[in-house]
Amino acid sequence: MIEEGKPIFVQIAEQIENDIIEGVYPPETQVPSTNEFAAFYRINPATAGKGVNLLVDDGILYKKRGIGMFVSDGAREQLVAKRREAFRDEYLRPLLAEAAKLGIGPDQISQMIQKEGISA
């Protein structure tokens, strides 16, 4: 999972986010500890903790003192909304801007998407 060019703690946070979105960690379930992440990825526990704390700061995870970190109610919905907004900003807006430059209308975009979906 560890890839070059992106801070490790960000990758840890994104992996937890992905697992929450995919239902691996439903609301109120415990996520692995920073020490477990550190051992699995062979990284410093402080680095793993920094990734987990990003999610605590966003309200995705919360700490039960002496027990560990747990998924907050509504975390999946919050993450999906955040990812949809990022998808719109990173992919959809540039696609529409380029389509406008090329004179491609909404119907043509829809047809292209449907065609790609069938062949994929």
Side-chain angles (χ1 to χ4, degrees):
M1 174 197 111
I2 302 300
E3 57 188 66
E4 295 293 322
K6 188 183 284 190
I8 295 171
F9 72 93
V10 171
Q11 293 180 57
I12 296 289
E14 287 176 350
Q15 182 59 52
I16 297 169
E17 287 180 350
N18 289 338
D19 288 345
I20 292 170
I21 289 170
E22 293 170 4
V24 174
Y25 301 124
E28 302 303 322
T29 59
Q30 188 172 8
V31 299
S33 70
T34 55
N35 288 332
E36 290 171 318
F37 280 119
F40 184 79
Y41 294 111
R42 296 185 180 147
I43 59 173
N44 186 311
T47 301
K50 194 171 177 182
V52 168
N53 286 330
L54 286 176
L55 300 177
V56 171
D57 293 344
D58 289 344
I60 303 300
L61 299 178
Y62 69 94
K63 183 176 186 174
K64 285 188 181 179
R65 193 170 185 89
I67 299 174
M69 296 292 185
F70 290 78
V71 178
S72 300
D73 280 332
R76 183 181 186 284
E77 293 78 10
Q78 183 179 342
L79 289 170
V80 167
K82 178 179 116 179
R83 294 269 182 100
R84 284 182 177 172
E85 187 174 316
F87 178 83
R88 183 190 66 229
D89 293 344
E90 294 175 27
Y91 299 103
L92 190 56
R93 285 185 176 155
L95 176 127
L96 293 173
E98 185 67 15
K101 288 181 205 172
L102 299 173
I104 301 172
D107 290 338
Q108 289 173 298
I109 292 172
S110 179
Q111 289 172 355
M112 294 168 93
I113 291 170
Q114 288 176 1
K115 183 179 178 184
E116 285 300 314
I118 292 170
S119 64

Between D107 and Q111, do the side chains contain a donor N or O and an acceptor N or O under 3.5 Å apart?
no

Would you please classify the geometry between the Y91 ring and the F87 ring as parallel, tilted or perpendicular, with 30° and 60° separating the classes?
tilted

Please output the side-chain donor-acceptor pairs of residues 93-100 that fall under 3.5 Å, not counting sequence neighbours, one pair per line with the distance.
| residue | atom | partner | partner atom | Å |
| --- | --- | --- | --- | --- |
| R93 | NH1 | D89 | OD1 | 2.9 |

Spell out, yes or no, whether L61 and F37 are grouped together once hydrophobic residues are joined by side-chain heavy atoms under 4.5 Å, including indirect joins.
yes

State which residues pass ring-ring contact (aromatic ring centres under 6.0 Å, His included) with Y62; sequence neighbours excluded, sorted by chain then number.
none

Single-linkage hydrophobic cluster I16~I21, side-chain heavy atoms < 4.5 angstrom:
yes

Nearest heavy-atom neighbours spanning P32 and Y25:
CD-OH, 3.0 Å

Value rounded to 0.5 Å, distance of CD in Q11 from CD in E4
8.5 Å

Tell me the side chain to side chain donor-acceptor pair (under 3.5 Å) pairs involving residues 66-82, sequence neighbours left out?
E17-K82

When clusters are formed by joining ILVMFWY residues with side-chain heavy atoms under 4.5 Å apart, either directly or through shared neighbours, do V80 and V24 land in the same one?
yes

Do F70 and V31 pass the side chain to side chain contact (heavy atoms under 4.5 Å, CB included) test, and can you show the C-alpha distance, the side-chain angles, and the key distance before you say yes or no?
CA-CA 6 Å; F70 290 78; V31 299; over 6 Å; no

Group every Ile, Leu, Val, Met, Phe, Trp and Tyr by side-chain heavy-atom contacts under 4.5 Å, then state whether F40 and V52 land in the same group.
yes

With a 4.5 Å heavy-atom cut-off, do I60 and I20 have their side chains touching?
yes

Any side-chain heavy atom of E28 within less than 4.5 Å of one from V71?
no

